[in-house]
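So you know, we letter chains A, B, ... as the sequences are listed, proteins then strands, and number each from 1.
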Amino acid sequence: MMVNVRLKDITKVFGKVVAVRNMNLEIKDKEFFAILGPSGCGKTTTLRIIAGLEKPTKGRVYFDNQDVTNLPAKFRDVAMVPQFYALYPTTVYNNIALPLRSRGVSKEEVRQRVKEVAELLGLTDKLNLHIDKLSIGDKQKVSLARAIVRKPKLYLLDEPLTILDPVTRIIIRSELKSLQKRIKQTIIYVTHDQIEAMSLADRIAVMNMGVIEQVGTPYEIYDKPSSRFVGWFIGEPGMNFIEAEIDKHGLAIKLGNQEILRSEALVSKLVENINNDKVVVGIRPEYIHVEKSPRENSNGYTIVKGVVELIEFTGTHYIILVSINGKEVKIKMNVDEYRRLNIAPKEDVYLRIPLDKILFFDPESEKRIL
Amino acid sequence: MVESLLLYKIKKYLRVIILVILILAYLSPLYWIFTTAFKTRSEMFANPFYLTQVTLENFEEAARYGAFDAITNSVIITVGGVGLALVLSVFAAYAFSRYALRGKNILMFYILSTRMMPPIALVIPIFMMFQKFGLKGTYAGLILMYATISLPFSIWMIKSFIDDIPKDIDQAAILDGHSLTYVLFKIVIPMVLPGIVASIVFSAITIWNEFVFALLLSGINTRPTSVLLSSIRGERGFNWGRIAAIEVVYILPIIIFVFLVQKHLLRGLTFGTVRR
Amino acid sequence: MAKYFLELRNITKKYGDKIVLDNINLGVRRGEMLSLLGPPGSGKTTLLKIIAGLERQDKGDILMEGKVINDLPPYQRGVAMVFETLALYTHMTVYDNIASPLIAAKLPKEVMDKKIKEIAKFLKIEHLLERKADKLSGGERQRVALARALVKDVALYLFDEPFVNLDAKIRSALRTEFKKLKTTLGKTSIFATPDPIEALALSDYIAVLYNGKIIQYGTPIEIYDKPINLWLARYLTGNMLNELYGRIVRQDDGIAIELISPIKKKILVKDYAPNYVDVLKEKDIADTQQEIVITINPSKSTIESGQECHGLEIEADIIGYENHGSELLVFARINDTVLKIYSSRDILSRDIIGTKSKICLDLTKAVIYDKKTGKVLGDT
């Protein structure tokens, strides 16, 4: 059983609110696909449209090129695992068996399939326990089991791990990933946690305010975000964005009175795509190196001067907030390096930035140009 | 799939049809009353579903019969009862919700339990009490009685709403420097308005329709419409036109009232059911 | 001037039979940002409310500027608070919410208006002033709650888990802004949170609360580098700690650790963790064959870096990873233990998921605990 899901020009409006706007999306068979975005971006609505729990205001939904837009949810053969598990007050076994029993599956077959699924999820020795006696992690597993036992074409998971504590979350997360490889089905996973999406998915659709900003593999999105939003949303802390000026005569990009780089090719490419003289420079916090004394512009790098504003210790790293001519950037530094450098607020520092990691965005459209 | 798509669709439409039939059946008595109230005597027993002549003579008769006074009494008693119950239950609900009082649970259960008793069991003792205190036949007496009847449900409903508001809000206001009065009137009450409206509506409907205590405790001048209607049996049978006219005037205010507050009422009815 | 701006002496609070706060002693200096770090139910909110005067302690004293304020009503304590539930007046506009404390203080309208507009501008919520408080997003509500507290010009600010209901992204963005705010305002504040990263990033000092008691007090670095017990060590790393179990034995050539889990190996302390030699030399530790837990932070280990391993080398199966973008948190299993190691992204190109790899654990950076009591070995 396989399914490829396609959404064509889907729009969903609730009263005056446009939850999903003109969405086109294709999810390949056997993919672990994540829909990622902040609360309220429309990802759950999208999932519900795929499930058939919501009817799109406009647009069509296709499963394997078959138009299922008007097909009610129960006929689509999808299993949905919600954020807050909805279990019946009975044993684990009965909970998992229910979807089968209500479809008239024989007792023998029910027993066999429940056993299979329980083994898959490590619930075999808990089958006879009442769900009251289970931990939240196990309850969520039962919720998952109920979906898997139906052998549906498609799995839809709506932030199933958010209610779990960090330990259980990690465990179930890795089990989910290996599970998907074993059951070989298409999984669509909705989450607002970008680490989760990056860790689990083959491909991710990043959504914001009802629109998909980018679809790609985790590293495609991380290294080449197509818009400011994607650059900011992925990664912790997100990408830095600084407004810089294009000096058409000097063929350079400048930050106030500091020159970041000088390149005719680059500047002409930018000028082609941008209307005015400003460009937004994007650079991830971990690529910026902090030095206490100025160095010559080494090949492939640019050096910019700034002042330390703030230092945040997160246990595993230090996040340094530096102000360059009034514009702020965050730098991610590991603990050893920080202690070696011994930086303090209000100090002058020199930031060494690799040129090949600098990205350029259009200030108006906020889309990436280079 | 166990059932086919066709069967599913048939079942869906069938459900809608049955619902429509049920609604029509439910509303038909009301429809009958309204048409009858405007029917002339000659058409009274003709086709029940429509009328060719519209007349107001039934309403004139009703007025002569004392309907106007009865409706006025209903209004006075209901507004009074609801008002008194409201004032008392808001304060009681707040106290029960926010303060840890010794014996609170017992007291709450006691208040709720008064509602569980069949009214008819209390009729004799109440009647005697009212006689003794000179309350029989007075507005005050009836208002007191109805306020008492409405209190349990009101307190319980409003308290539930107040419970849903985190105590933090009261505390934030106190920390801001406001007095307890301000907290109650300017902050808590506006936030539980749906619950208050719901309890007003339920109390109003209960009191407006109440018959047993009204019959027993009201006098000629203070009797509400429910009592009037019960005395309406004439020598020659029932004057349906007059009855219908009184009923129209009796039912209309409540329908209009609920219609106006329905937005708040819905929130009040579904409180506490869904939490995100 | 008193040494501490705020002092808590022997504060105890019970709810029925449950002891919520057990003999709390704490001092907060003027201008300091103190975090109360602890899991839900550890007593943080109760402590803040007692400081604010909204609840009363059963025993103990609260002193402000050296004076006992036990009987002072909340309003007169000069305290502002942001509640965990935010406690916004949802039926009022943002403007009226912020105005609330000023209305209670009976300030003239023009003065009020000016202050409200100032703070709204500062917190970037000017455009929301006329909106009703129940029509705001999570981040916006946070700012309004903050505005209502900050518009009061008081000496002490209390924040009860103000970021707990927000998306991870917004939370970290607000965290930086908050820190900037704190630096600008320079007021004394106490911040309660269950999130160790928040406490570490924002505070000058941290008091760790567990079951109503303060189990450790210190600067973020002091606490992170040497958590006082195993529970705290696990809590600070979000349960991402690597744990080795073993026993201390005395040998002729020195103190050794006999590792039991996840591998069986005997190692000499002076070779692997020379900094621990003195601590473990103490007579009673070595002789009782004390069982210990060696904890290593995931950031202090490496996977097959090609360089020689100067620490403990363990071969394990790479079972998965967490992708943090700039680096990976790799999970490697050996027997029943899962080791967690931070690694750069290039290991993915080497396609090692599902294979056996050599993990190098740097034991000089380890923190050792007594297995039975959970207490850290050596002084803090």
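- The distance from the NZ atom of C:Lys187 to the OH atom of C:Tyr157 is 4.5 Å, given to the nearest 0.5 Å.
- At a threshold of 4.0 Å, the pair C:Asp113-C:Lys109 does not count as salt-bridged, since none of the basic side-chain nitrogens sits closer than that to a carboxylate oxygen.
- Neither the backbone nor the side chain of C:Ala145 comes within contact range of chain B; no heavy atoms are under 4.5 Å apart.
- In this structure, NZ in B:Lys104 is found 7.0 Å from OG in B:Ser97, a value given to the nearest 0.5 Å.
- Between C:Glu65 and C:Arg30 there is a salt bridge, since at least one side-chain N of the basic residue sits less than 4.0 Å from a carboxylate O of the acidic one.
- Residue with the most contacts toward chain B among C:His91, C:Glu55, C:Lys49, C:Arg148: C:His91 (heavy-atom pairs, distance under 4.5 Å).
- Within the 4.5 angstrom heavy-atom criterion, only backbone atoms of C:Leu88 (N, CA, C, O) approach chain B.
- When each of B:Lys167, B:His178, B:Lys186 is scored by its heavy-atom pairs under 4.5 Å with chain C, the top score falls to B:His178.
- At a 4.5 Å heavy-atom cutoff, C:Gln76 makes no contact with chain B through either its backbone or its side chain.
- At a threshold of 4.0 Å, the pair C:Lys59-C:Asp22 does not count as salt-bridged, since none of the basic side-chain nitrogens sits closer than that to a carboxylate oxygen.
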